[in-house]
Number of protein chains: 2
Amino acid sequence: MPRHSTRDQILAAGRDLIHRNGFASSGVAEITAAAGVPKGSFYNHFESKEAFGCEALDSYWQVGSAAFAPLTGKGPARKRVRAHFTAVDALVRADNYAAGCMLGNFAIEAGPLSDALRDRAAALFENWTSALAGCLREGQADRSISAALPPETLARFLIAAWQGAVQRAKVDRSNRATAAFHATLDTILAPKS
Amino acid sequence: MPRHSTRDQILAAGRDLIHRNGFASSGVAEITAAAGVPKGSFYNHFESKEAFGCEALDSYWQVGSAAFAPLTGKGPARKRVRAHFTAVDALVRADNYAAGCMLGNFAIEAGPLSDALRDRAAALFENWTSALAGCLREGQADRSISAALPPETLARFLIAAWQGAVQRAKVDRSNRATAAFHATLDTILAPKS
């Protein structure tokens, strides 16, 4: 088995373990056990658990990247914003929101433990904000989206509202909070008559 | 020193430690060290770390209870909703959002580790939702608040949006996300003209 394959196994299994149980609660021994590889092999592939955490978060982001396609696609911008959040929802609702969003989890749990993890999470949030703001700007230009707020402010607000809904869904094990998000999204995006 | 005083010391110091560093990362030894009491005394006062976590969360909630007063106070409901979120903000901005909201932290981090902690967090979120929905209902009745959404849905949405803003502020160490919340709150509450 080529060397990179063991690395990929550790990355995929460790990413999913951290997503479910948290960064602090997932030790190197558990990560390698989940990957089915010897514990010692971890440090052949990753400098530290912190470095691993950064790669695991990037890998999680990569897995969900298709959900961002609507933001730069064709068609009415307001519809594309809604399609984006519908796609993001599909990524987290499979287990009834039990694991939540790994980015949101890192922001709360891993960030305070490591500046590198906090910086990585902040950078991904910033990418997300720019991508969403771009689509909101298009919608304000074509008047399908309310121009009451600057697109950057609205993007920051909507991403936070989404993350908070996933956080609540995680604790409720129900989609009530995410349903409230989707319902409210419509009224926020609609231009004032 | 009376017995309950040691208990109170452990509760206050442990609550603050868990608030800053997370539930999983705060061991009993660290909690008792922070309280300046012998490690063995912990189990004289608390059945388990899980039971301690529930009491610590309740204690955190108690400390912040004044922020809920505007919701049942006198005056225009829309102003009171804004006063509530201004007061809640004051509770978390002191350290530039580094610790965040302990309820939000528990939802993400402690909940997956313990059903008791998850249930406690869900119950506090539910209390918060009811209190905010009551004030929103008054504002819809006096037409100072938009009636585009049921008060329960709007309450659930706004609490999520607030929690997500605090989560983002925690990672950014900046108030940009909470400022976006306050700016957007005004446009959401305002009745459609």
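The analysis underlying the following values was restricted to heavy atoms, covering all of them including side chains, and did not include hydrogens, waters or symmetry mates. In what follows, chains carry the letters A, B, and so on, assigned in the order in which the sequence lines appear, proteins first and then strands, with residues in each chain numbered from 1.
Under a hydrophobic-cluster definition in which Ile, Leu, Val, Met, Phe, Trp and Tyr are linked whenever side-chain heavy atoms come within less than 4.5 Å, directly or via other members, I159(A) and I159(B) are assigned to the same cluster. Cluster membership for Y60(A) and I108(A), using ILVMFWY side-chain heavy atoms within less than 4.5 angstrom, is not shared. Hydrophobic clustering (side-chain heavy atoms under 4.5 Å, transitive across Ile, Leu, Val, Met, Phe, Trp, Tyr) groups W61(A) together with L71(A). No path of Ile, Leu, Val, Met, Phe, Trp and Tyr side chains, each step under 4.5 Å between heavy atoms, connects V63(B) with L117(B), placing them in separate hydrophobic clusters. Under a hydrophobic clustering in which Ile, Leu, Val, Met, Phe, Trp and Tyr are joined whenever their side-chain heavy atoms come within less than 4.5 Å, directly or via other members, L158(A) and F125(A) fall into the same cluster.
For T178(A), no part lies under 4.5 angstrom from a heavy atom of chain B. At a 4.5 Å heavy-atom cutoff, the contact between N21(B) and chain A is made by backbone atoms alone. There is no contact between S146(B) and chain A, counting heavy-atom distances below 4.5 Å.
I188(A) contributes atom CD1, which lies 3.5 Å from atom CZ of F157(B) (distance to the nearest 0.5 angstrom). Taking CG from L103(A) and CZ from R168(B), the interatomic distance works out to 8.5 Å, rounded to the nearest 0.5 Å.
Between R176(B) and E126(A) a salt bridge is recorded (basic side-chain N to carboxylate O distance below 4.0 Å).
Options A107(B), A121(B), A24(B) differ in how many heavy-atom pairs under 4.5 Å they form with chain A, and the most are formed by A107(B). For the set K170(B), E152(B), R20(B), the count of heavy-atom pairs under 4.5 angstrom toward chain A peaks at K170(B).
The shortest heavy-atom contact between A183(A) and L149(B) is O-CD2, 4.1 Å. The heavy-atom pair separating S25(B) from L113(A) by the smallest distance is OG-CD2, 3.7 Å.
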What verdict does the side-chain contact (heavy atoms from CB on, under 4.5 Å) test give for D172(B) and R156(A), after you've listed the backbone C-alpha separation in whole Å, the side-chain angles of each residue and the deciding distance to 0.1 Å?
CA-CA 12 Å; D172(B) 286 348; R156(A) 210 170 283 280; 3.9 Å; yes
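Judged by distance alone, the side chain of Q167(B) and the main-chain N or O of G104(A) form a donor-acceptor pair under 3.5 Å.
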